[in-house]
Amino acid sequence: MAAIYSLYIINKSGGLIYYKDYGSAGRMDTNDSLRVASLWHSMHAISQQLSPVSGCSGIELLQADTFDLHCFQSLTGTKFFVVCEPGTQHMESLLKFIYELYTDYVLKNPFYEMEMPIRCELFDINLSQAVQKDRVALLGR
């Protein structure tokens, strides 16, 4: 069973710009992944407004019985979130590393247009290596 089920990247407007499924069971179709991304963007925005803590940046972790959802929001408003097995550790550092890959391979790509879906082969290759490396590290613990 994979530690990471799926990865989503949402632009600042709430549009899904990247989705990768790593789980073998319960695969979602395109419409379902768009709905999940839109719902998460809305919940994240509402949580920022309703938080009793000033300067709240939104939900960072959502824990359920069958999965955990970890979220990282960049300063530009782009959200990176992974759906993973409950209790999976070190997802925050993985999300920050994915953000580094995004800045290195997507934003520095002269053919990429901001806020558009990500289609970058180098990003995909390095992302797959990072997720595989993270899975190996989790199995070793």
Subject >> Close side-chain approach of Gln63 and Leu61, heavy atoms under 4.5 Å >> reply: yes
Original post:
Linking Ile, Leu, Val, Met, Phe, Trp and Tyr by side-chain heavy atoms under 4.5 Å, what else ends up with Ile46?
Top reply: Leu50
Original post:
Side chains of Thr78 and Ile9: does their closest heavy-atom pair fall under 4.5 Å?
Top reply: yes
**OP:** For residues Asp65 and Pro86, determine if any side-chain heavy atom of one lies less than 4.5 Å from a side-chain heavy atom of the other.
**Re:** no
Original post:
How about Leu95 and Val82: do any of their side-chain heavy atoms sit closer than 4.5 Å?
Top reply: yes
Original post:
Would you say Thr88 and Ile4 make side-chain contact, with heavy atoms under 4.5 Å?
Top reply: no
Original post:
Do you know which of Leu107, Leu127, Asn126 makes side chain to side chain contact (heavy atoms under 4.5 Å, CB included) with Tyr102?
Top reply: Leu107
**OP:** Could you list the residues that satisfy ring pair (Phe, Tyr, Trp, His ring centres under 6.0 Å) with Tyr105, not counting sequence neighbours?
**Re:** none
Subject >> Summary of side-chain hydrogen bond (donor to acceptor under 3.5 Å, both in side chains) pairs that have at least one residue in residues 42-56, sequence neighbours excluded >> reply: His44-Gln73
Original post:
Does the separation of the ring centres of Trp40 and Phe81 fall below 6.0 angstrom?
Top reply: yes
**OP:** Nearest 0.5 Å please: distance from the CD1 atom of Ile98 over to the CE atom of Met91.
**Re:** 8.0 Å
Please list every donor-acceptor pair under 3.5 Å in which a side-chain atom of residues 111-123 meets a protein atom from a residue at least two apart or in another chain.
{"residue": "Tyr112", "atom": "OH", "partner": "Met116", "partner atom": "O", "Å": "2.8"}
{"residue": "Glu115", "atom": "OE1", "partner": "Asn11", "partner atom": "ND2", "Å": "3.3"}

**OP:** Ignoring hydrogens and angles, tell me if any N or O in the side chain of Ser38 forms a donor-acceptor pair with the backbone of Arg35 under 3.5 Å.
**Re:** no
Original post:
Can Tyr8 and Val83 be said to form a side-chain contact (heavy atoms from CB on, under 4.5 Å), step by step?
Top reply: CA-CA 8 Å; Tyr8 296 79; Val83 179; 4.1 Å; yes
Subject >> Closest non-hydrogen atom pair, Ser6 against Tyr19 >> reply: CB-CE1, 3.9 Å
**OP:** Compare every heavy atom of Ala3 with every heavy atom of Cys84, then report the nearest pair and how far apart it is.
**Re:** CB-O, 3.0 Å
Original post:
Quick one: CG on Leu94 to CG on Leu7, what's the gap to the nearest 0.5 Å?
Top reply: 8.0 Å
Original post:
Linking I/L/V/M/F/W/Y whenever their side-chain heavy atoms sit closer than 4.5 Å, directly or via other members, would Leu34 and Leu39 fall into one cluster?
Top reply: yes
Original post:
With sequence neighbours left out, what residues match Asp124 under side-chain contact (heavy atoms from CB on, under 4.5 Å)?
Top reply: Tyr18
**OP:** Kindly state each residue pair satisfying ring-ring contact (aromatic ring centres under 6.0 Å, His included) with at least one member in residues 47-79, sequence neighbours excluded.
**Re:** Phe72-Tyr99
Original post:
So how far is it from Ser13 OG to Leu16 CG, rounded to the nearest 0.5 Å?
Top reply: 12.5 Å
**OP:** Run the numbers on Phe80 and Cys71 for side-chain contact (heavy atoms from CB on, under 4.5 Å), then give the verdict.
**Re:** CA-CA 6 Å; Phe80 299 78; Cys71 181; over 6 Å; no
